[in-house]
Undergrad: 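Provided herewith is a single structure, encoded as structure tokens, for subsequent inquiry.
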Amino acid sequence: SWAKVISLFLRGWFKRQIKIGMGGQGLRNPGETLYECEWADSLLDKGLVDFGLLGQSDKTLVKLINDNFEFKGKLYDQGKQFPKIGFHTKDLIDIDKKRQNIFDPDYHAFTSEGHSITANGDPWKPIIYFTQGCVKKCTFCDVPQITPQWAMRTAEEVIAEIDHYYNEVGATGFSFADNTINGSDSEFLKFLKLLVKWQDKNEPVFWSCQYALKRKKQQPEELFDYLSQANGRLSIGFDHVSDVILTHMKKLYVWDDIK
């Protein structure tokens, strides 16, 4: 794979002068949990990487930094508490003036005038998480193994994050990295209503996400009205046309809901 080629190149070029680590869902094979990670083990055994980060990174990254990147092997952490990396309110940042335990990405370079990396020409969008994991347990999906605990932030906190990036770096587009942004129907609808109200006072923003199909009774007309007003761009997967297959997949909806 390209990851092994790149690691091999870096090892040959820099010898042992740098530390190489890998993380993310791509490290795991389907079904692997906890410290199980055959692919990361092979990279560690060959000396191509120094460490692998599994699960949530808000604690493992801190440990890695506190150890001055001397740790070797695999670090794992997964809990129900929602990771806070990516956005911190001012009061949390003020607690740690030296930013030793607070990590907040700087999006200024990516949202500068004229900078665009998306295929359709939209400006680069900060990444936001509303939820982690998924409320469904679809038979073909590895998300329940990778992130077994489902959790959802409050709608108010997500609006505060949008407002933060809008005011700090002028971001007018956002990308939600959730597997299922509408895991909670009531909290998602609350978010849409708050976002519409927020946009009435600010410049309109656009945002994209993965949206889970549900039964018709869970998708009232009011929901789609607010989705339209809030400038949402949804990615929706239609898994099959057969109700028998959809039931076997545990998709929790049928073809009539899709129509």
Side-chain angles (χ1 to χ4, degrees), residues 23-25 56-58 61 82-94 96 99 102-134 143 147 151-214 219-237:
Q25 296 183 8
Q56 295 173 188
S57 58
D58 52 328
L61 271 177
F82 202 96
K84 293 296 183 180
I85 282 185
F87 169 68
H88 292 278
T89 55
K90 187 176 184 298
D91 58 322
L92 282 178
I93 294 177
D94 286 344
D96 193 336
R99 297 176 65 84
I102 299 294
F103 301 91
D104 216 26
D106 185 352
Y107 287 116
H108 286 82
F110 295 101
T111 54
S112 59
E113 185 177 354
H115 184 85
S116 176
I117 59 173
T118 60
N120 60 3
D122 287 333
W124 190 89
K125 304 185 290 291
I127 306 297
I128 297 177
Y129 281 89
F130 198 165
T131 67
Q132 72 167 13
C134 186
V143 169
T147 313
M152 190 171 196
R153 300 163 67 189
T154 65
E156 289 85 355
E157 185 177 344
V158 176
I159 294 297
E161 183 168 1
I162 289 175
D163 185 72
H164 169 78
Y165 292 134
Y166 174 82
N167 288 305
E168 289 297 318
V169 298
T172 56
F174 303 88
S175 178
F176 285 90
D178 310 54
N179 291 294
T180 309
I181 193 171
N182 57 324
S184 167
D185 298 324
S186 59
E187 197 67 25
F188 181 59
L189 182 58
K190 182 180 181 181
F191 160 73
L192 294 176
K193 291 179 178 180
L194 289 175
L195 183 56
V196 169
K197 186 179 296 186
W198 180 90
Q199 290 189 103
D200 287 340
K201 302 177 183 178
N202 300 279
E203 180 183 352
V205 299
F206 66 90
W207 51 279
S208 60
C209 69
Q210 294 187 64
Y211 180 85
L213 276 172
K214 296 186 176 183
Q219 301 179 98
E221 197 68 32
E222 179 188 30
L223 172 68
F224 293 100
D225 287 341
Y226 275 104
L227 275 169
S228 176
Q229 293 180 56
N231 298 324
R233 301 180 180 182
L234 311 183
S235 295
I236 304 175

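Positions are given from 1, in the same order as the sequence printed here. Because the structure is predicted, anything quoted here is derived from the model rather than measured.
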Undergrad: So how far is it from L195 CG to D200 CG, rounded to the nearest 0.5 Å?
TA: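 Separation between the atoms: 9.5 Å.
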Undergrad: Measure the spacing between OG1 of T172 and OH of Y166 and express it to the nearest 0.5 Å.
TA: 8.5 Å
Undergrad: Are W207 and F130 an aromatic pair by the rule of ring centers under 6.0 Å?
TA: no
Undergrad: Let me confirm one number: the NE2-CD distance from H164 to E157, rounded to the nearest 0.5 Å.
TA: 12.0 Å
Undergrad: Could you pull out the closest heavy-atom pair between P126 and G173, with the gap in Å?
TA: CD-O, 3.1 Å
Undergrad: Test your reading of the model: is there a side-chain donor-acceptor pair from T180 to the backbone of G183, 3.5 Å cut-off?
TA: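 No: the side chain of T180 does not pair with the backbone of G183.
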Undergrad: Would you say that I236 contacts L213 through its side chain, given a criterion of any heavy-atom pair below 4.5 Å between the two side chains?
TA: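 Yes, side chains in contact.
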Undergrad: Please confirm whether the backbone N or O of K214 pairs with a side-chain atom of Q219, one donor and one acceptor, at under 3.5 Å?
TA: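 Checking the backbone N and O of K214 against the side chain of Q219, a donor-acceptor pair under 3.5 Å is found.
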Undergrad: Among W198, F176, Y226, which residue satisfies the ring pair (Phe, Tyr, Trp, His ring centres under 6.0 Å) criterion with F191?
TA: F176
Undergrad: Going by side-chain contact (heavy atoms from CB on, under 4.5 Å), C209 matches just one of I181, N179, I128. Which one?
TA: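 Result for side-chain contact (heavy atoms from CB on, under 4.5 Å) with C209: I181.
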Undergrad: Using ring pair (Phe, Tyr, Trp, His ring centres under 6.0 Å) as the criterion, list what pairs up with F188, not counting sequence neighbours.
TA: none
Undergrad: Output yes when a side-chain donor or acceptor of N182 lies under 3.5 Å from a complementary backbone atom of Y211, and no otherwise.
TA: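 Here the side-chain-to-backbone pair does not exist.
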Undergrad: Roughly how far apart are K190 NZ and T154 OG1, rounded to 0.5 Å?
TA: 7.0 Å
Undergrad: Which atoms form the tightest heavy-atom contact between L194 and A155, and what is the distance?
TA: CD1-CB, 3.9 Å
Undergrad: Between R153 and E187, does any side-chain N to carboxylate O distance fall below 4.0 Å?
TA: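 Here R153 does not pair with E187 in a salt bridge, since their nearest N and O are not under 4.0 Å apart.
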Undergrad: May I ask you to test the N231-Q199 pair for a side-chain heavy-atom distance under 4.5 Å?
TA: yes
